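See structure below.
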Amino acid sequence: MPRKTIAVDIDDVLAASASEFVAFGNLRWGTNLTVDDYHEDWSVMWQVDRETEQKRAHEIYDSGMIRGIKPHEGADAVLKWLEERYDLVIATSRVSKIHQDTLEWLDKHFGGVFKGVHLSGIYDPILSAPFKDESVHNMTKAELIMEIAADYLIDDQPKHCLAVADAGIETILFGDYAWSRDLGELPVRVTRCPDWAAVKEFFDGRD
């Protein structure tokens, strides 16, 4: 029987990214934000225009701080357990500019666990043309998951989980974050897992 595939997001699923981005901004630009203030649209989070957001994004990516983000506690053990039962792949919206940093980070913390790394390219247009890698996808996360033909998605962003679930694929809404707390009753095929222990519980006993 063919093994099923689980697609796993990186930021705030494998990596504790939001806290690092917020801390970097507080130190560099004098903001006073917390993780609860984090927004994936950085222009909204910082209340700046797109040009300023773009400049700040480049500064963050050029700083190399991506390579130093800490992995989520418990992720490694659960992923190794899942690896014995499923094929694991990365499905991320990270920009292509930090693709190499991302690969090095994954190899350092989760070496040999994932069979592929897939970038959607959603945010590449925000960056200037020289950093656009035409070899990556430029599609929504749901479209990427459909192309990968994954059977499950683990992601922290409600919009991705809802869209993927609407396409008939089981999703795990990962974490306990301000951006995903007040959603009310979740639809069919979306299960909330606040941590990696809950992810293991979700998959325990499944095919």
Side-chain angles (χ1 to χ4, degrees), residues 7-72 90-106 108-109 117-148 153-164 173-183:
V8 185
D9 182 36
I10 296 178
D11 292 310
D12 300 301
V13 175
L14 293 181
S17 306
S19 59
E20 298 284 348
F21 290 135
V22 167
F24 187 102
N26 287 345
L27 184 64
R28 177 64 182 85
W29 298 295
T31 51
N32 188 31
L33 304 178
T34 69
V35 173
D36 282 352
D37 299 312
Y38 182 80
H39 196 290
E40 64 174 347
D41 185 335
W42 290 352
S43 68
V44 173
M45 178 175 68
W46 289 319
Q47 298 184 28
V48 296
D49 58 29
R50 286 294 182 197
E51 183 179 359
T52 302
E53 177 202 27
Q54 184 185 60
K55 290 178 180 178
R56 291 185 178 187
H58 281 302
E59 185 168 342
I60 286 176
Y61 297 145
D62 289 339
S63 72
M65 61 87 71
I66 296 294
R67 296 191 297 272
I69 295 177
K70 295 179 180 179
H72 261 296
I90 291 292
T92 178
S93 300
R94 283 189 169 188
V95 295
S96 54
K97 178 178 173 66
I98 57 169
H99 191 190
Q100 188 58 41
D101 283 351
T102 297
L103 293 178
E104 291 176 8
W105 186 90
L106 287 169
K108 177 180 178 180
H109 296 289
V117 177
H118 305 274
L119 283 71
S120 70
I122 295 173
Y123 297 109
D124 275 351
I126 294 176
L127 299 181
S128 55
F131 301 109
K132 179 69 179 294
D133 183 349
E134 298 296 340
S135 68
V136 304
H137 302 283
N138 193 351
M139 57 180 70
T140 67
K141 181 69 72 74
E143 290 169 339
L144 180 61
I145 296 304
M146 295 293 287
E147 180 172 285
I148 294 170
L153 169 68
I154 305 175
D155 203 291
D156 69 295
Q157 286 292 338
K159 67 179 183 181
H160 298 321
C161 288
L162 294 175
V164 171
L173 179 59
F174 182 87
D176 178 22
Y177 301 116
W179 56 86
S180 64
R181 283 179 192 147
D182 301 323
L183 301 177

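What you see below is based on every heavy atom in this structure, not just the backbone, and it leaves out hydrogens, waters and symmetry mates. Since we're looking at a predicted model, the values are computed, not measured. All residue numbers in this chain count up from 1 along the given sequence.
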*Measure from NZ or CZ of Arg56 to the centre of the six-membered ring of Trp29, then state whether that distance is under 6.0 Å and the direction lies within 45° of the axis.*
yes
*asked:* With rounding to the nearest 0.5 angstrom, report the CG to NE2 distance, Asp12 to His72.
replied: 5.5 Å
*Look up atom OH in Tyr61 and atom NZ in Lys97, then write down how far apart they are to the nearest 0.5 Å.*
9.5 Å
*What do the steps show when you test Ser93 against His160 for side chain to side chain contact (heavy atoms under 4.5 Å, CB included), and what is the final call?*
CA-CA 10 Å; Ser93 300; His160 298 321; 4.0 Å; yes
*Taking only residues two or more places apart in sequence, or in another chain, which ones meet Asp36 in a side-chain hydrogen bond (donor to acceptor under 3.5 Å, both in side chains)?*
none
*Would you sort out whether Phe21 and Trp42 count as a side chain to side chain contact (heavy atoms under 4.5 Å, CB included), showing the intermediate values?*
CA-CA 10 Å; Phe21 290 135; Trp42 290 352; 3.9 Å; yes
_Listing request: all side chain to side chain donor-acceptor pair (under 3.5 Å) pairs with a residue in residues 14-24, at least two apart in sequence or in separate chains._
Asp11-Ser17
*Could you tell me whether Asp41 and Arg50 have a side-chain N and a carboxylate O separated by less than 4.0 Å?*
yes
*asked:* Regarding Lys108 and Glu104, does a basic nitrogen lie under 4.0 Å from an acidic carboxylate oxygen?
replied: no
_Atom of Asp9, atom of Leu14 and distance for their closest heavy-atom approach_ = O-CG, 3.5 Å
_Stepwise side chain to side chain contact (heavy atoms under 4.5 Å, CB included) test for Ile60 and Met65_ = CA-CA 7 Å; Ile60 286 176; Met65 61 87 71; 3.8 Å; yes
*For side chain to side chain contact (heavy atoms under 4.5 Å, CB included), just list the numbers for Val22 and Thr34, CA-CA rounded to whole Å, side-chain angles, deciding distance to a tenth of an Å, and then say yes or no.*
CA-CA 6 Å; Val22 167; Thr34 69; 5.6 Å; no
